[in-house]
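Per chain, numbering begins at 1; letters A, B, ... match sequence-line order. Predicted, not measured: the structure shown is a model, and the values here were computed from it.
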Amino acid sequence: MTNAKKRLHSLKQQIGESLCKDQWSFYRTFRSLESALKRNGDLEGLEQLESKVKLSIESAGARAARIPAVSFPDDLPVSALADDIEGLIAANQVVIISGETGSGKTTQIPKILMKLGRGSRGQIVHTQPRRIAARSVANRLAQETGTELGDIIGYQVRFNDRSSSENLIKVVTDGILIAETQTDRFLSAYDSIIIDEAHERNLNIDFLFGYLKSILPKRPELKIVITSATIDAEKFSKHFNDAPVIKVSGRLYPVDILYEDSLTKEGEQLPVEEYGLVTLALRRISEHRGSGDVLVFLPGEREIRQLDAVIRKDFLRGSVGKDWEILTLFSRLSVREQNKVFGSSHKRRIILSTNVAETSLTIPRIQFVIDSGEARLKRYSYRNKVEMLQVERISKAAADQRAGRAGRLMHGVCFRLYTLEDFQKRSEFTDPEILRSSLASVILRMQYLRLGDPQEFPFVDLPIPRAIVDGYQLLEELGAISGDKKLTKVGMELAKMPVDPRVGRMILAGRQFGCNREILILAAVMSLPDPRERDFSAQMQGVFERKDEHSDFLVFLRIWIWFQKLFDTTRSKSEIRRACEKHHLSFLRLFEWRDLHSHLSQVVRDMGFKVGEAPSGAASIHQALLTGLLGNIGYRQEERGTFRGTRDIKFQIHPGSSLYKNPGKWVVSFELVETTKLYARTVARIERDWIEPLASHLTRSTFSDPLWSREQGNVIAKEQVTLYGLIIVPARSVIYGKLNPREARQIFIQSALVRGDVRHCPPFMKHNLELIQVLENMESRSRRQDILVDESINYSFLEERVP
DNA sequence: GAGCACTGC
């Protein structure tokens, strides 16, 4: 036995050196062996485990042998600090690396980890916020390690998996890593995790931060490296129990910042007309020695269009303007138009852009930035449960990010169209997305993973209690949780679907209404950016702009059918591309639509429900949609174009909708967004009768005017049904006895029995009524009032006898 | 009469 004890002891150490993903099962087996050996000895089991552990250690060794020799390019700022970073990572579980653009941290840190022998017992996973970025980082890493992509470096993004368990490094989007938590609770496939661009603070990053903090104690051998912009580093360090921070300088050129007051020359007045400041800044730039292009940050498409017209009129026509041209850039612009900014031109360029150019796209040759100081930002109103998309003043961090875009090429200049005092008064950071979003899907995921109360979860920025309550309310609306906040069967199914819970609920309802086929198509397109493009010059006159429908959803079904037909009948990809362009449809998004559709179809089949072949009617499709959108219904008001929605909100149909001109009485919308007004976008007519059966868990009824009805021989009341305060049934007659038997009985006795207001008189009553008649006659003849008993005495008499 | 930017089992 002592021999067995020794073997156990050394086995325990060896388990610690095995592949991370094996350790959990090894430790479990080990513990049962340990107790078995105490009783009578299970030497066979011990041998088995020993050989399994040996194999696992061998494969870790084999992985280690595949780690390439790494070197760090001299010209990157991060290379000079490679040894320091290596030391910090070796000594700490979590390290924060702060650095500006151009420091080389994204590509060099994975190599530093490999140098430390990481990637052997598990993979190194490296997350990026965007799919394009994940792919390009993987490509660069493969290049720098002199390997083929897919060999030691792999990547995985939605719809595209070029990874395998053989990879030492796997580059993914942060969403993929979150998805993996559902099957790998402690992320045991990895021995190191790099969260890159953490300062972007998207919903995924914030969730991962909380999640990683909670699994740290259970994964003592796990290494986590977080990279971010300098200003956020301290906050992140605090979150991870004062993790060390190392600062790496960037490789940007200096950028001069000029404020509004420095635009005018001596004695000049600031222009008052809209966008006057921009044209003034453009004049200053044309006087400047520089020759680079100009990037103008504006809040949105509308402002871009307006400014485009102004610049053409006031600047391009002038003598200095003839050497310039204007380009526009926003996400919904066609790829062809977007790509113009990467092309070459013999003219200097003014690029009018939204926030796409702040993080997602890097535009070449920019030397000047003009910053309007504004951006459209999405917020969520917990009170009205609608989204808001309004122009806001950007934070200092965002303004600095914008300015930095001028210094990638050479010494740059940034004109801020506001004063220094204005800048100083601004908030330090943009509110992270988690404080601006509906939390329903975050809470659903937390419930599914049993992460406990969101209020206790280690978020970097804890959402306000109101936001958490709101998230639970939506989940309750969808039937995903029960009254005691436990996940229901519906909730479990929703958690498994890679879509918003509302959209998931529609898919489940599609089964119930037998219209899976259509709902899966719609669920996919509603989870992606609209495939319809907006071209700056072209008028939107495609076949899919016809506005004769009762439903915007059906327009999507028409596009789908068109695309499927095109896809089935057309061989060449370029021909498909041309057809898409002709109809102002995004080729790429249509393909993603197909991909997501087939993905969702698979998920649904795995859950065991059939996807129908035959087309379904509009009524069932819209009832299924409605099931997920119960809070988004509305009833047309007298006031033109206005709808009353749930929770006492008023909204209007978006002018881009098919229903804009002729909306009908009742509508449901996919989203309610407050811009200049509160608009319902993607709308359909519905029948009022559909609502109540789908919302039975949410409706409230009030009853009024209970009266005895002689015709119906029953006590009848008026019922009013409301859904979140919106009247969906104004006055319906109901049999009152079932709802309030006591009161109904009283009314019955008073009206029917005492007063005899009945159609068929039973004999006792006939007798009573005849007697009353006789007594009344006696009273009037004898001028006495006391022969006939009072009605109330009669009532009391009956009250005691009627069951 | 009109829409910031991303992402996923």
Side-chain angles (χ1 to χ4, degrees), chain A residues 127-134 156-161 172-184 197 200-208 297-306 329-333 353-361 372 374-379 387-392 394 398 401 430 433 436-437 441-442 444-445 448-449 492-501 503-504 523-524 527-530 532-534 540 547 592 595-596 599-600 602-604 606-607 640-641 652-657 660-661 671 673-677 679-682:
Chain A
T127 75
Q128 284 291 322
R130 280 166 293 280
R131 302 205 295 249
I132 298 175
Q156 185 186 352
V157 297
R158 191 183 213 179
F159 311 130
N160 205 346
D161 187 359
V172 299
T173 46
D174 35 36
I176 294 277
L177 189 60
I178 285 186
E180 287 182 357
T181 59
Q182 301 227 346
T183 48
D184 183 1
E197 312 284 354
E200 289 198 15
R201 300 291 304 276
N202 66 38
L203 218 49
N204 291 341
I205 289 171
D206 270 35
F207 179 78
L208 277 174
F297 282 105
L298 295 161
E301 185 185 335
R302 195 186 336 160
E303 292 79 3
I304 288 174
R305 284 176 194 274
Q306 288 167 352
L329 190 62
F330 47 91
S331 181
R332 278 208 52 199
L333 196 63
S353 174
T354 61
N355 258 352
V356 266
E358 199 180 292
T359 46
S360 310
L361 291 176
S372 65
E374 293 176 331
R376 274 209 169 72
L377 215 63
K378 201 167 192 161
R379 289 191 184 272
E387 288 179 323
M388 294 184 294
L389 191 58
Q390 276 159 354
V391 176
E392 294 187 23
I394 60 168
Q401 175 78 18
T430 310
E433 208 181 328
R436 300 187 276 118
S437 315
S441 61
V442 174
L444 179 67
R445 187 185 303 126
Y448 185 78
L449 296 171
M492 296 291 278
E493 286 179 322
L494 293 185
K496 286 181 209 151
M497 284 194 255
V499 287
D500 181 89
V503 177
S527 306
L528 295 167
D530 195 328
R532 291 169 292 188
E533 281 179 336
R534 310 196 36 99
M540 295 288 290
K547 290 180 181 169
E592 287 194 350
D595 284 339
L596 183 56
H599 185 172
L600 290 178
Q602 191 54 49
V603 170
V604 156
D606 290 346
M607 285 178 172
R640 206 175 158 273
Q652 282 172 298
I653 309 271
H654 191 273
S657 166
Y660 182 66
K661 291 217 170 96
E671 47 186 4
V673 186
E674 191 174 319
T675 53
T676 47
K677 290 172 187 157
Y679 283 114
R681 301 202 292 215
T682 317

Non-neighbouring partners of A:Arg436 that pass side-chain hydrogen bond (donor to acceptor under 3.5 Å, both in side chains), sequence neighbours left out:
none
Short side-chain N/O contact from A:Arg131 to OP1 or OP2 of B:dG8, under 4.0 Å
yes
In whole angstrom, what separates A:Leu596's CG from B:dC9's C1'?
12 Å
For the side chain of A:Arg681, starting at C-beta, report the closest nucleotide among B:dC9, B:dG1, B:dG3.
B:dG3
Nearest-Å distance, NZ (A:Lys378) to P (B:dA5)?
10 Å
How many whole angstroms separate atom CG of A:Asp595 from atom C1' of B:dT7?
15 Å
From the candidates B:dC6, B:dC9, B:dG3, the one with an atom nearest any side-chain atom of A:Arg130 is B:dC6
So what does A:Asp500 hit on the nucleic acid, given a heavy-atom distance under 4.0 Å: a base, only sugar-phosphate, or nothing?
base
Quick check: closest heavy atoms across A:Met497 and A:Gly504, and the distance to 0.1 Å?
CE-O, 3.6 Å
Report which part of the nucleic acid A:Glu671 touches: base, sugar-phosphate, or nothing (heavy-atom distance under 4.0 Å, all strands).
base
Phosphate contact (B:dA2 OP1 or OP2) by A:Tyr679 side-chain N/O below 4.0 Å
yes
Which part of the nucleic acid, if any, lies within contact of A:Leu389, taking any heavy atom under 4.0 Å across all strands shown: a base, the sugar-phosphate backbone alone, or nothing?
base
Non-hydrogen atoms of A:Pro129 and A:Asn202 that approach each other most closely
CB-ND2, 3.8 Å
Whichever of A:Arg445 and A:Pro299 has its nearest DNA chain B nucleotide further upstream toward 5':
A:Pro299
Tell me the interatomic distance from A:Leu298, atom CG, to B:dA5, atom P, rounded to whole angstroms.
12 Å
Which heavy-atom pair separates A:Thr354 from A:Ser331 by the least distance, and what is that distance?
OG1-N, 4.5 Å
With the side chain of A:Val157 defined as its heavy atoms from C-beta on, choose the nearest nucleotide among B:dA5, B:dA2, B:dG8.
B:dG8
Phosphate oxygens OP1/OP2 of B:dA2: is one of them under 4.0 Å from a side-chain N or O of A:Thr675?
no
Find the distance A:Arg436:CZ to B:dT7:P and express it as a whole number of Å.
16 Å
Those residues at least two apart in sequence (or on a different chain) that pass side-chain hydrogen bond (donor to acceptor under 3.5 Å, both in side chains) with A:Glu387 are none
Tell me which of A:Ser360 and A:Ala495 sits closer to the 5' end of DNA chain B, going by the nucleotide each one is nearest to.
A:Ser360
A:Glu301 and A:Arg376 ion-paired at < 4.0 Å
no
Between A:Arg640 (CZ) and B:dG1 (C1'), how many Å, whole number?
11 Å
Pair of N/O donor and acceptor under 3.5 Å linking B:dG3 base with A:Arg376 side chain:
no
What nucleotide among B:dC6, B:dG3, B:dT7 has an atom nearest to a side-chain atom of A:Arg332?
B:dG3
In whole angstroms, how far is the C1' atom of B:dC6 from the CG atom of A:Asp174?
9 Å
Checking contacts here: which listed nucleotide (B:dA2, B:dC4, B:dA5) is nearest the side-chain heavy atoms of A:Glu301?
B:dC4
Please report, rounded to the nearest Å, how far the P atom of B:dT7 is from the CG atom of A:Leu203.
14 Å
Counting side-chain heavy atoms from C-beta on, which of B:dA5, B:dC4, B:dC9 comes nearest to A:Ser331?
B:dA5
With sugar-phosphate meaning primed atoms plus P, OP1 and OP2, does A:Val499 contact a base, only sugar-phosphate, or nothing at under 4.0 Å between heavy atoms?
base
